Amino acid sequence: MINLNTYGWNETLNQLKQESTYSTLTHGRVSIVHRTCYDIVSENGLFQCELTGNMMYGKSEHELPCTGDWVIFQPFDENKGIIVDMLPRERTLYRKKNGTVANKQAIASYVDKAFIVQSLDDNFNVRRVERFMAQILEENISPVLILNKADLVFDNQSIEEQIKHIASQIPVFFTSIHQPQTILRLRESISEGETVVFVGSSGVGKSSLVNALCEESMLLTSDISLSTGKGRHTSTRREMVLMGDSGVLIDTPGVREFGLAIDNPDLLAEVLEISDYAETCRFKDCKHINEPGCAVLEAVNSGALDYKVYASYLKLCREAWHFSASEHEKRKKEKSFTKLVEEVKNRKANR
């Protein structure tokens, strides 16, 4: 018998389940998403489940179950089942789907914390941290910055200078799997029943960190590449593992691109600490580009605001506004189509 409370099950989720048509069936949490089926952790063990036709064809791709979702399923064999319903999502980390304008992809749901993993080698990129942080805060998830491979030689002063606008807002940990005390500190920051998702580029050591936190090899890792000196990308899927007597960890494949799927571009001013300056702009709708009396531009010119941070803000704003406008347009078309379908149904019914 598995205690699902250690996986985050609680009374709120139980109440949501009671509202489902299928409340008498078994519930569980998605631990791995395969191409056509899902691994589900339930009180009675691990089940491999498929979707009902209604769920598979009646939902958008980003609405289909993702790692971390709570689902209701009908067992039909010793370890097989059919997913018939999904509990409403909370704190879901999305990203813009590659090659699309406004389609988004669900990475993990019911997430409490997101560990943004960067390695202290040539892979370090503070702009990428800002991007992850914006998306994570959009979903009311708590971001944490993990600077991994701290056993390497790196310019500490330069790193701290680059992340000072981030370190003032979120916790920062320097870690190395070769320095057990750094892993211990990180482990102590995760509470029982909490869900933590690991995000970052390939080769930053996410899977190795998960294994170190679990004190056993839960996930596959690769050796260091002799040609690049970096860890090879190993994770090919989002996978959930239980940390002994503590939280739930979700490893994710490394991403080259992490497109913003943000409906509220104004959030970016807070993330990049521009909002304090923006409040004193002459115009309330100031875009901080070339308007007269712009306090943000004055801060950039005086050196109070780092130009690179400001340039990053403009870039992320353009991307977020583009997604938001496209998403709005898409919803408008979907509403029009739904209205049209309803009209056709009504005409048929009145014949």
Side-chain angles (χ1 to χ4, degrees), residues 66-68 92-98 105-108 111-139 141-152 154 159 162-163 166-167 169-179 182-183 185-187 189-190 195-214 218-225 228-241 243 247-261 271 312 316:
C66 71
T67 305
T92 306
L93 182 61
Y94 293 98
R95 72 162 176 158
K96 185 171 77 68
K97 193 174 179 185
N98 287 346
Q105 177 183 21
I107 293 173
V111 175
D112 298 295
K113 290 175 182 169
F115 284 180
I116 306 166
V117 185
Q118 288 267 295
S119 55
L120 290 162
D121 53 18
D122 295 340
N123 203 298
F124 178 77
N125 185 325
V126 69
R127 306 284 83 89
R128 202 173 288 139
V129 176
E130 293 165 350
R131 178 177 289 276
F132 278 118
M133 189 171 154
Q135 188 67 52
I136 289 161
L137 287 169
E138 164 86 353
E139 310 299 343
I141 298 167
S142 300
V144 176
L145 177 57
I146 310 297
L147 298 172
N148 197 30
K149 305 185 183 179
D151 55 299
L152 299 176
F154 63 95
I159 295 291
Q162 289 181 69
I163 67 166
I166 292 167
Q169 301 180 70
I170 68 172
V172 179
F173 289 86
F174 286 79
T175 60
S176 167
I177 59 169
H178 305 296
Q179 297 171 344
T182 66
I183 302 300
R185 280 197 292 271
L186 192 60
R187 190 183 295 123
S189 75
I190 304 168
T195 296
V196 178
V197 65
F198 287 68
V199 293
S201 306
S202 301
V204 296
K206 297 188 299 298
S207 300
S208 297
L209 271 178
V210 170
N211 287 340
L213 285 166
C214 294
M218 308 289 287
L219 304 173
L220 287 174
T221 59
S222 288
D223 296 329
I224 298 294
S225 165
T228 65
K230 297 176 185 177
R232 294 189 191 93
H233 166 51
T234 305
S235 298
T236 56
R237 61 193 183 191
R238 287 169 278 281
E239 188 168 347
M240 185 174 80
V241 297
M243 204 169 100
V248 175
L249 310 180
I250 299 176
D251 187 29
T252 64
V255 290
R256 284 197 185 123
E257 287 182 37
F258 190 86
L260 291 185
V271 172
S312 175
L316 294 179

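These numbers were taken from a predicted model, which means no experiment stands behind them.
Side-chain atoms of S142 do not come within 3.5 Å of backbone N or O of K113 as any donor-acceptor pair. Judged by distance alone, with hydrogens and angles left aside, the side-chain atoms of Q118 form a donor-acceptor pair with the main-chain N or O of N125 at under 3.5 Å. For N148 (side chain) and V204 (main-chain N/O), a donor-acceptor pair under 3.5 Å exists by modelled atom type. R95 places no side-chain N or O within 3.5 Å of a backbone atom of F132 that could act as its donor or acceptor partner.
Across every non-hydrogen atom of F173 and S189, the tightest pair is CZ-CB, 3.9 Å. Here the shortest heavy-atom pairing between A106 and R238 reads O-NE, 4.1 Å. Shown here for I136 and V199, the closest heavy-atom pair between the two residues is CD1-CG2, 4.4 Å. Contact record, G68 with I250: CA-CD1, 4.4 Å, taken as the closest heavy-atom pair. A134 and V271 get closest at one heavy-atom pair: CA-CG2, 4.1 Å. Shown here for F198 and T252, the closest heavy-atom pair between the two residues is O-OG1, 2.6 Å.
Here CG of L120 is found 7.0 Å from CG of L152. Values are rounded to the nearest 0.5 Å. Taken from CG in L213 to OG in S208, the straight-line distance is 11.0 Å, to the nearest 0.5 Å.
In terms of the side chain to side chain contact (heavy atoms under 4.5 Å, CB included) criterion, residue partners of Q179 (sequence neighbours excluded) are, by chain and number, A150, D151, S176, Q181, T182. Considering only residues two or more places apart in sequence or on other chains, R127 meets the salt bridge (charged side-chain N to carboxylate O under 4.0 Å, His left out) condition with E130. For the side chain to side chain contact (heavy atoms under 4.5 Å, CB included) test, residues two or more places apart in sequence or in another chain that qualify with E139 are Y94, Q135, I141.
Residues T175 and F115 are not in side-chain contact: their nearest non-hydrogen atoms beyond the backbone lie 4.5 Å or more apart.
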